[in-house]
Structures are given as structure tokens and as C-alpha cells.
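Note sheet for the following structure.
These values consider heavy atoms only, across backbone and side chains, with no hydrogens, waters or symmetry-generated copies. Please read these numbers as outputs of a predicted model, since none were measured by experiment. Atoms within each ligand, like the ligands themselves, are counted from 1 in listed order.
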Amino acid sequence: MEFTAAYLWSRVLEAARGRVQEQTYHTWLAGTAAVGLTESELLVEAPSDFHVEWLEDKYGPLLTDLIEQVLGRPLRLKVQCGDPAPPLSVPTVKVAAPGSTPAPTAVGTSMPTPSLNERYSFDRFVVGDNVELATAACHAVAGKPARMYNPLFLYGGVGLGKTHLMHAIGNAIRETMPASRIVYLPTEQFTNDLVTAIQNGTTAEFRRTYRQMDLLLVDDVQFLQGKERTQEEFFHTFNALYDAQKQIVLTSDRPPKELPGLEERLISRFEWGLVADIKQPDYETRIAILRKKAADDDLTLDHDVIDFIARFCTSSVRELEGAVIKLLAFSSLTNQEISVDLARRALQATFGHEPHSARRGTSPERIRELVAKHWHIPEEALSSKRRTKDLTVPRQVAMYLIKDLLDYPLVKIGKLFGGRDHSTVIHSIRKVEETMVGDSSFRRSVEAVRDELMRPV
Ligand code: ADP
Ligand code: MG
């Protein structure tokens, strides 16, 4: 596959779709097409002058931001009027099966549903150890909604596949039970819709809409924190659906118990069904994901290049995807073949540091030294037999970083820390990975050390 204007624009539109109302997307964005790409500009055609004006004025900043996110560097967006497009597609309104309750009506002026993204299917999801339980639970829920785990609560860090899995459940149910009423809802939209309903005096309609659903997918419930009225409303919606034996799926960046500013009664309900976590993918899973993405997008990437990206991008799947897009863009804009060397330059340019596998300055000694400094302990204590918490935590971090950055064999790592066996090393690495997901200040500490290690000497 070639990196074209159309490809770039399709990724930007996909990102935009999660950020604007579905109605807005269909009205203003769905009918556009990218027609040109140079090193400094992306040229997009819209169906009318009115669209051009609207896109430039209202959505220009958002779209320019998204282009930079996708591409890793800024690019000017120019919108011009193209050939009149075929009539814009109207958002589909589901027709309920005969005899069932009527399909929900719009709330105020907006439909409550950003529709499901078809790319987010089970087929496209790579199942590594990190998501095994979560994925199995999602399949179970898709096969027997409201019978197995209700609610299903998925949690994990950013870019690890929560939204993807949630859509995959929706897509699967839509296929096997086409009459189901499904709503996918970022938590912020639930809040916004509620505010609009209160302003317009249409809260009764608002309630009816959500309570008629067969499947309610609510993404990122951590954003309920501190919003009392939304929590109250959500509590009743939850109960109504639960009592009617409708399936509820929720995601969050942390487990229910650790959600701050959330009412106890909500937390306890979130724990009624199954709570499954999603961890960071390990090296092998990262390779499998990259292979799958390449195959899905008809892209030929040598093993060396895949290996390089997998070593370079360790924190999330989103980062992996972004790296591939950046590499494609770099190759196409500079007219060079994709190679490890090009990947190194492309990713270095955007991430601002050298990939660790390519960094000569990093060594186990340096990692130990920096970790000890950061946690304020003498370096020798990392190898001592003492197991007080002030020592075990930095010891585990040092082991984790040596594995992650230098990919040393476990036995060798154990030797570096006073001859510990490999199962202790595995346990330490897992512990760090897990804690990083749930504890953001810990994660920042580890990342600070990692950043310092990456900095050119
Ligand atoms: P989250 O909601 O956890 O922040 P997303 O579901 O938005 O993460 O995932 C980020 C990107 O990574 C999406 O494009 C998604 O398709 C992709 N992705 C995440 N996990 C996987 C996986 N296991 N296999 C394939 N693609 C994945
Ligand atoms: Mg998400």
C-alpha cells in the first residue's frame, strides 16, 4: 500500500469521528475527499462553498490537530470546493422489529449514537496474553448478551484496545441480532446529552432513549467523576437496563475501586459482573499486532523493520499504529524506501529520542545507577537480600527497565541483582507493568527514568 492523501485523510476522519457528534460528522466531514498531498499541505475537497467555509472556520483547528497527531508533524490543511457530491448520507435510523418498542427518537437535536466503527472488529483484534481474559469475556458477552457477565467492565491504560473491544462486541451483536438497539457512548457525550436535555426540558425523552437500549456501551467512565447529576442519571439508567436484563459494557482507565469521586453505589454496581484488565502488550504481541496491521492494510514491511518498531514503541498499540503511519508518511514524502534506517530517522524525528535498541549509551549499570538515584537508595542495595518496600520497588523497576530497554535474558537479569532466580525476575517485571497501569504517579517515575536514559549523552 502506498501512503496517499486519501489514506492520511481516512485516518484523520476516523480520529475525528470519535471527537464530534455523529450528525456533525455526516453533515460536514463524510462527504469530503483528499485530493493532494505535498510536504507542506494536504488538499481536501468538500461538496460546497458552504462546506469549505464551515470546515475551515469551525473544524480547521481540530482537523489540523488531528493531522499532526496522525502524521507526527504539522501540515497545512487546505479545503476547496470540488465536484458536487452525491447527496450526503443520512445517519441510519434503526427500524425496530415488529411488535417491539419503537426505535428511540432523537434527544433534543442530536442522535445519541456515534455509530460503531466497523474496523474495530474481533477479526482485527490481536489477542496476546495481555488481553486474553478481557477478549474471552467480550466474546462471551457478544454471544450471550446479558447472560454471562453483566456489566462487563474493561479497564487499562490509554491506547490498549478498550474502545476497540467495546465496538467489537457491538459489531458482533449487530451482525447476529440485527434488530438489537445498540448505543455506543463516550461518557462525555452522555454528560453533554444530559445537559442539553436539561436545558431543553427533554429529560423524560432522554431517559426513554437510553432505557430502551438492548446494549449500552459506555466508554471511559472515569469521566463520571465529580459529575453528580450525571452519576445520578447514569445510576438510574444502569438499573433500568440491568433489571430488564440488557447488556451493559463499561470501560475505564482504572478498576472501579480506584475511581475517585464516584458514588459508592455506582462502584459496587460496576463490580457486579466481570471486571477484566488489559495490560500492555509484550514484545511478541507487539510483533503480532504489527504484522496484522500490515496485512490488513496491504503493506509490506520487512521483519527487521517490524522488529525495530516493536522495540521502539513499547507503551501502547496506538503508539505502534502511529509509528507505522509516520514511517509510511516519511517514506512517501521524502521518496525513500522503507528500511530500518529510515524507520530510525522517521521515529526519531517525531519522538525526539533514539530508539533504545539503537542507543549505545544505555547499559544495565546506567539503569541501576539512575533508578537508585531516583528512588534515593544506594545502588548496592539493589543487589542486597533485603526485601523492604523501599528497596523492592526500585529493584523491580531496574529489572523491568533492563528487560524492556536491553531485552536481557531473565536469568542474566537475576544475576545482576544478587543472583535472584528467573521467576523472581518475571514476577518483578509483571508487578511493574501492572502498577504502571493503575498508579499514574508511579508510571511517571518510571517514565522519567526511561526518558533520562534515552536522552543523548
Ligand atoms: P483505548 O480505548 O484502550 O485507549 P483503543 O481501543 O482506541 O484504545 O486502541 C487504540 C488503537 O489500537 C486502535 O486503533 C485499535 O484498533 C488498536 N488496537 C488496540 N489493541 C489492539 C489489538 N490487540 N489488536 C489490534 N489492534 C489493536
Ligand atoms: Mg478508548
Write out the residue and atom name of the closest protein heavy atom to [atom], then the distance separating them to 0.1 Å.
| atom | value |
| --- | --- |
| atom 7 (O) of ligand 1 | Arg318 NH2, 2.9 Å |
| atom 2 (O) of ligand 1 | Thr163 OG1, 2.7 Å |
| atom 6 (O) of ligand 1 | His164 N, 2.8 Å |
| atom 21 (C) of ligand 1 | Phe125 CE1, 3.4 Å |
| atom 8 (O) of ligand 1 | Gly161 N, 3.1 Å |
| atom 27 (C) of ligand 1 | Val317 CG1, 3.4 Å |
| atom 24 (N) of ligand 1 | Val126 N, 2.9 Å |
| atom 11 (C) of ligand 1 | Glu321 OE1, 3.4 Å |

- [ ] Give a yes or no on whether the backbone of Asp214 and the side-chain of Arg181 come within a donor-acceptor separation of less than 3.5 Å.
- [x] no

- [ ] Please say whether the positively charged group of Arg17, taken as NZ for Lys or CZ for Arg, lies over the ring of Tyr25, i.e. under 6.0 angstrom from the six-membered ring centre and within 45 degrees of the axis.
- [x] yes

Open item on the list: Distance to the ring centre below 6.0 angstrom and angle to the axis at most 45 degrees; does that hold for Arg265 and Phe235?
Closed with: yes

Can [X] and [Y] be counted as an ion pair, charged N to O under 4.0 angstrom?
| X | Y | value |
| --- | --- | --- |
| Glu41 | Arg76 | yes |
| Asp439 | Arg443 | no |
| Asp297 | Lys293 | no |
| Glu263 | Arg229 | no |
| Lys162 | Asp219 | no |

Check contact between [X] and ligand 1, using heavy atoms of the residue and a distance below 4.0 angstrom.
| X | value |
| --- | --- |
| Ser316 | no |
| Gly159 | yes |
| Val131 | no |

Open item on the list: Side chain or backbone, does Val158 bring an N or O within less than 3.5 Å of an N or O on ligand 1?
Closed with: no

Task: Sub-3.5 Å N/O-N/O distance, Leu165 and ligand 1 - done: no

- [ ] List every atom of ligand 1 that sits less than 4.0 Å from any heavy atom of Gly157, numbering the atoms from 1 in the order shown and giving each element.
- [x] 3 (O)

Task: Working for side chain to side chain contact (heavy atoms under 4.5 Å, CB included), residues Glu337 and Ser331 - done: CA-CA 6 Å; Glu337 292 278 315; Ser331 145; over 6 Å; no

Task: Phe190-Phe206 aromatic ring centre distance below 6.0 Å - done: yes

Task: Aromatic ring proximity Tyr242/Trp272, centre distance under 6.0 Å - done: yes

TODO: Tell me which part of Lys293 gets within contact of ligand 1: side chain, backbone, both or neither, using heavy atoms under 4.0 Å.
DONE: side chain

Open item on the list: Heavy-atom distances under 4.0 Å decide this one: backbone, side chain, both or neither, for Arg124 against ligand 1?
Closed with: backbone

Task: Metal proximity, Thr163 vs the Mg ion (ligand 2), N/O/S cut-off 2.8 Å - done: yes

